[in-house]
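Just below is one structure, and these are the notes that go with it.
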2 protein chains.
Amino acid sequence: MDPVLIALGCGVLGLVVAYFLARFVLSQDEGNARVREIAAAIKEGALAFLGREYRVLAVFVAIVTLVLVFVPALGWKVALAFVFGAICSGLAGYVGMTIAVRANSRTAAAAAKSLNHGLKVSFRAGSVMGMTVVAIGLLGLSLLYFAFSEDPSFLAIIPGYGFGASSVAIFARVGGGIYTKGADTGADIVGKVEQSIPEDDPRNAAVIADFVGDNVGDVAGMGADLFESYVDSIIATMALSTIAIFSTRLGEPLIVGTDPAAAFWLPMLVAAGGILASIVGIFSVRVGEKLEMKALLNALRRGTYIAAGLSLVFSFIAVSFLADIRLFVAIVAGLAAGLAIGESTNYFTSYVYKPTLKIAEASQTGAATNIIAGFGNGLMSTAPPVLFIVIAVVVAYNFGDIYGVALAGVGMLATLGIQDATDAYGPVADNAGGIVEMAGMPHEIRERTDALDSLGNTTAAIGKGFAIGSAGLTALALLLSYTLAVGITPSQISLLDPHVLVGLFLGGLLPAVFCAMTLQAVGKTGASIVNEVRRQFREIPGLMEGTGKAEYAKCVDICTREAIRQMILPGVVTVLAPITVAFIFGKVALGGFLIGATVTGFILAVAFSNAGGSWDNAKKWVETGAYGGKKSPAHKATVIGDTVGDPMKDTSGPSLNIMIKLVSIISLVLAPVIADMTGIF
Amino acid sequence: MDPVLIALGCGVLGLVVAYFLARFVLSQDEGNARVREIAAAIKEGALAFLGREYRVLAVFVAIVTLVLVFVPALGWKVALAFVFGAICSGLAGYVGMTIAVRANSRTAAAAAKSLNHGLKVSFRAGSVMGMTVVAIGLLGLSLLYFAFSEDPSFLAIIPGYGFGASSVAIFARVGGGIYTKGADTGADIVGKVEQSIPEDDPRNAAVIADFVGDNVGDVAGMGADLFESYVDSIIATMALSTIAIFSTRLGEPLIVGTDPAAAFWLPMLVAAGGILASIVGIFSVRVGEKLEMKALLNALRRGTYIAAGLSLVFSFIAVSFLADIRLFVAIVAGLAAGLAIGESTNYFTSYVYKPTLKIAEASQTGAATNIIAGFGNGLMSTAPPVLFIVIAVVVAYNFGDIYGVALAGVGMLATLGIQDATDAYGPVADNAGGIVEMAGMPHEIRERTDALDSLGNTTAAIGKGFAIGSAGLTALALLLSYTLAVGITPSQISLLDPHVLVGLFLGGLLPAVFCAMTLQAVGKTGASIVNEVRRQFREIPGLMEGTGKAEYAKCVDICTREAIRQMILPGVVTVLAPITVAFIFGKVALGGFLIGATVTGFILAVAFSNAGGSWDNAKKWVETGAYGGKKSPAHKATVIGDTVGDPMKDTSGPSLNIMIKLVSIISLVLAPVIADMTGIF
């Protein structure tokens, strides 16, 4: 039996589990008429946006497909893999969001019954997303394997799948990110800062757009993001299979059996084991009735750790059958680095610890010191992740060569099924809380959804650690694959070659420009929303007093239009940059470019995510009553900090994770074309 | 005759010119009693700070000297060069500041007579600084040349001078930067934002500390900074002399004469010609009586362009006598890149252009959108400098190998004498304006000093372009020298070696951590000042009404204490990082580290400087009356943006310029020790 059948089976099993979880969610009570009305508006806005976004993406995918088909060195098989990857990614995002927009009202209704009920509905909704992402990801790869593994150019075809996934992801993340943070920023500035009305207040015209944003950004965008992280980590490992088979740097080849295809099987089986482990983990999450953060957190942690432990067991079995057992050390190194980065993220962004408390303290002297403190904190927080990645790379390399480095990334993401579930349930709970507020349901229900939401922030922080950690490892593995694919020898890609230096500088530049474009897009969208909400407060009679009705659709329209329009440039620049560098400065310079982009991108991604996270939680800390609590000057300062951090942590930062892999995987896909480029300088 | 006598002669000439300029400044009218009283307070605070700072630096220098003396592979000659460099740097900063703190009152008094008078006094004061920096720099190098050029280890000794200069510079920049921006931030937050009193209002207890900060940060700190830029660019070129002599990559050696020492002479003679050119330039600056920005700017521009043109002529002569004429192309490439970066800086930070106007526009929707817009602009502004540096590197490399890259840096900084003058006169004019305000002198005098100050901002932007551009080229040259010095072959420092990748990541991390430390230091100092100024407004009866008197000395003390205390860690971390990396991961990883630090440091430096500059000018644009003008909500938002940008543009950003060279020059100095390090991993 071909071992990949196991991966295929686990993929199918994942889909079945997702189906039953979805059925459970959809069978729940939808709440009263007002709740249903709000939820319908959210659903309508979210699906309308996704529809428009996918139409734009379809054009992009069509153009790229045509290019791939007609470039002789690439051909239809690569193009097919590309389209397939793009469709799978879009599908994963679509399914996840479809459930999320139906789960928010149901979570609100369930939270009215009990906390445990609320957790169950929202977490299972998140789990649909988690399982769908990993199941479709592994299923797609398995199908490609069965279709093309006998093809001599298999290693050139399979990255096409990742290229498709990463392309969709970058547009979805950026577009969704602009939408959600444009709406959020606008809503907060007028609502909280200017008018001093609470979050999610129905008088705020941007409130529905804000809810829609949670779904298109934090659910659909994140789904596409994690989908590409997952499949890219596996593809990067497969692309380095020749290292595992032929390299004798560590004494003997890493693949011990007689079939060299084991180098392909291993990452897929590690992933398959992770799916099984995630399913067990998901069903072990349950919680009592006490509204205690610690109990809630422990419930989720239990699930995650059970899954991680089981995944290690399955990995050990897979490695011991297929390969040198040293590769298991690489997997452990990856998982350990992921956990360590997650914990350090938590340290730098949770208000339980000093860094975030210091930002709150700095808010007493105004918004400027709050911003400086938060930004400083974000930059400082880059140190542990870099150190952990360095350690993981050193360990994995010494135990498994660069194949081991790639495999460490797979080990880190193996349990993505449950990690994504703990991530994706947050926006569902957040939306549910908003619906509770808007529908005027009793205060204790809001307290329950708030507890769920706030828990989601903590687990999301840990999830972000895994996302960026795996992005670093996968990007390294992909760029090393690129150098192999274009036939660059070690001595050719020397730091003493000015072409490499030039490439490094240009690569280091890309993340900065990318962040600039996405920040400015959010800023612009936010400003449009501010002007619209201000206009409605000014022009709609009785809006502030509650007798007039806000025109929510206007804000939804603005966000949709701006997000679609402004997501195109950052994505297209990212796609075109590598090929341009190779054309002008040659394939060796492109190698430097990829590593430059990875280093700067990694650091900016961590800095942005954590700065944003710590501003957010510094605000939450003040809201617990510190420094005068809500409506104090310190609180206004933290709201400004949070607003600044929003696009950094939810648009620019996570998009960088995708970007650093996308540039490498494009280079890998185009390797047959780039291999002949020596540059014009 | 040894050609270096020309350099020595030009150094002496520079000092003579500085002496006469200083005599001119000191002979001016000191103003009325009130003006003298304020100026005395500023002088006292500034000199007290410099005294304490230099005492701390003396301890640092003593420790490093001992280490250098007792490490067998280094020895007393390197130590001597190090101490000499440290002393020269300290001296340049001291002389410049001594004149600046005496020129501020004299500028105020001169501006009372006429605009031209004000410009003359302040610009000549700045010119003292400019000439002192270049004269001492070149004189010191000439003396070292005559003392040691026959020594076989000359190439190991001479970087010691740069190490001394860079060490002093990083502490002086960071310490001065923390002082000036801590005071400025604190003064602005309480004064402008909370109490709505004007800048430099005598009721603000931080106002004298703010003036002192201009001198210790923007004059003394910048002096040490530019001193190290200048000497490091020359040293980097000398360190690559073997390339010029022996490399035949370009067909034939670059040095055409019979004496290989011509490779040393060339950068020194280019610098010497630059001193002559600067002197001519300085004396050609004059302006009519009309208060027209354009006329003022043209006056300074004329001086700078005359100097640049003359410098090119002298360089051409030097190159044609000593070397292959292709090296002249490298010099031109450097100068052109410097000018282009300066122009792009101006574009991204002046309110004449769209980027800054957009930030002002974003202020209408509050501080958060202002911050996002400014930060996005800073990141976007990194693109042209990176592209211009890349072009300069490619051109210089193709015409002069890596020796040409280093020489391009010298070409860029040759006319530092006048560039520094146009930079250093800004703080003098700024201080003069403050004194005019505090002393209650007539409004039209303030208008004149404001015009001078605002002009200073524009010329400073161009100067910053040169500073960062040369830092990039010099850092590249130094790190390449390091690899030669430790005997790393091109194939050893391959990007495919995980040690190099690890080094790149760690190097990329350093600037982020460095910025975090400096930002947090300013934030902390600013918060202390805010609390103190608030306390005085609360506790001193009649302070707001003008009957009570603010206790300025309290704020001066806080800034001094905090700046001294907090400058130590960033400096020490920078000094220790390279040797730690070499010890743990080996000398090849250190090569990766240096380039990683250069790439990330360059990009962050540009982003921080330009973000800060554009926030500053967005505020100034609103103050001209846009969006409601002063005291409008938009103005408050721009004040917050400006305050956030202050430490970025005047503390963290410029310090990074020094940092990226310091790590390389330390590695170069310690090369004999590091050459044997293979790391423990």
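Since we're looking at a predicted model, the values are computed, not measured. Lettering follows sequence order; numbering is per chain, from 1.
The parts of A/P490 that come within reach of chain B are both its backbone and its side chain, each placing non-hydrogen atoms under 4.5 angstrom from that chain. Of the atoms belonging to A/T483, it is side-chain heavy atoms, and not backbone ones, that fall under 4.5 Å from chain B. In this structure, the portion of A/V386 lying under 4.5 Å from any heavy atom of chain B is its side chain and not its backbone. Both the backbone and the side chain of A/I493 come within contact range of chain B, judged by heavy atoms closer than 4.5 Å. Interface residue A/V500: only side-chain heavy atoms are found under 4.5 Å from chain B. Proximity to chain B (any heavy atom under 4.5 Å) is shown, for A/A527, by both the backbone and the side chain. Interface residue A/T489: only backbone heavy atoms are found under 4.5 Å from chain B. For A/N377, the parts lying near chain B are the backbone and the side chain together; criterion is any non-hydrogen pair under 4.5 Å. Of the two parts of A/F602, only the side chain, counted from C-beta on, holds a non-hydrogen atom closer than 4.5 Å to a non-hydrogen atom of chain B. Interface residue A/I595: only side-chain heavy atoms are found under 4.5 Å from chain B.
Residues B/F505 and A/L387 fail the side-chain proximity criterion, which asks for heavy atoms closer than 4.5 Å. A 4.5 Å side-chain heavy-atom check between A/L501 and B/V393 finds every atom pair outside the cut-off.
Heavy-atom minimum distance, A/L379 versus B/C515: CD1-CB, 3.7 Å. When all heavy atoms of A/I189 and B/T365 are compared, the pair lying nearest together is CG2-O, 3.3 Å. Minimum heavy-atom separation, A/I372 to B/T643: CD1-O, 3.7 Å. In this structure, A/S491 and B/S491 approach most closely via the heavy-atom pair CB-CB, 3.2 Å.
Of the listed residues (B/M380, B/K358, B/Q492), the one with the most heavy-atom contacts under 4.5 Å to chain A is B/M380. The candidate with the highest count of non-hydrogen atom pairs below 4.5 Å against chain A, out of B/V530, B/V644, B/I640, is B/V644. Among B/A521, B/G523, B/G508, B/A512, the residue making the largest number of heavy-atom pairs under 4.5 Å with chain A is B/A512. In terms of heavy-atom pairs under 4.5 Å with chain A, the best-connected choice from B/N398, B/D188, B/V190, B/L476 is B/L476. In terms of heavy-atom pairs under 4.5 Å with chain A, the best-connected choice from B/G378, B/A373, B/A383 is B/A383. Chain A forms the most heavy-atom pairs under 4.5 Å with one residue out of B/D497, B/I488, B/L504, B/T600, and that residue is B/L504.
Expressed to the nearest 0.5 Å, how far OG1 of B/T369 lies from CD of A/Q520 amounts to 12.5 Å. Taking CD of A/E361 as the reference point, atom NZ of B/K524 lies at 9.5 Å (rounded to 0.5 Å).
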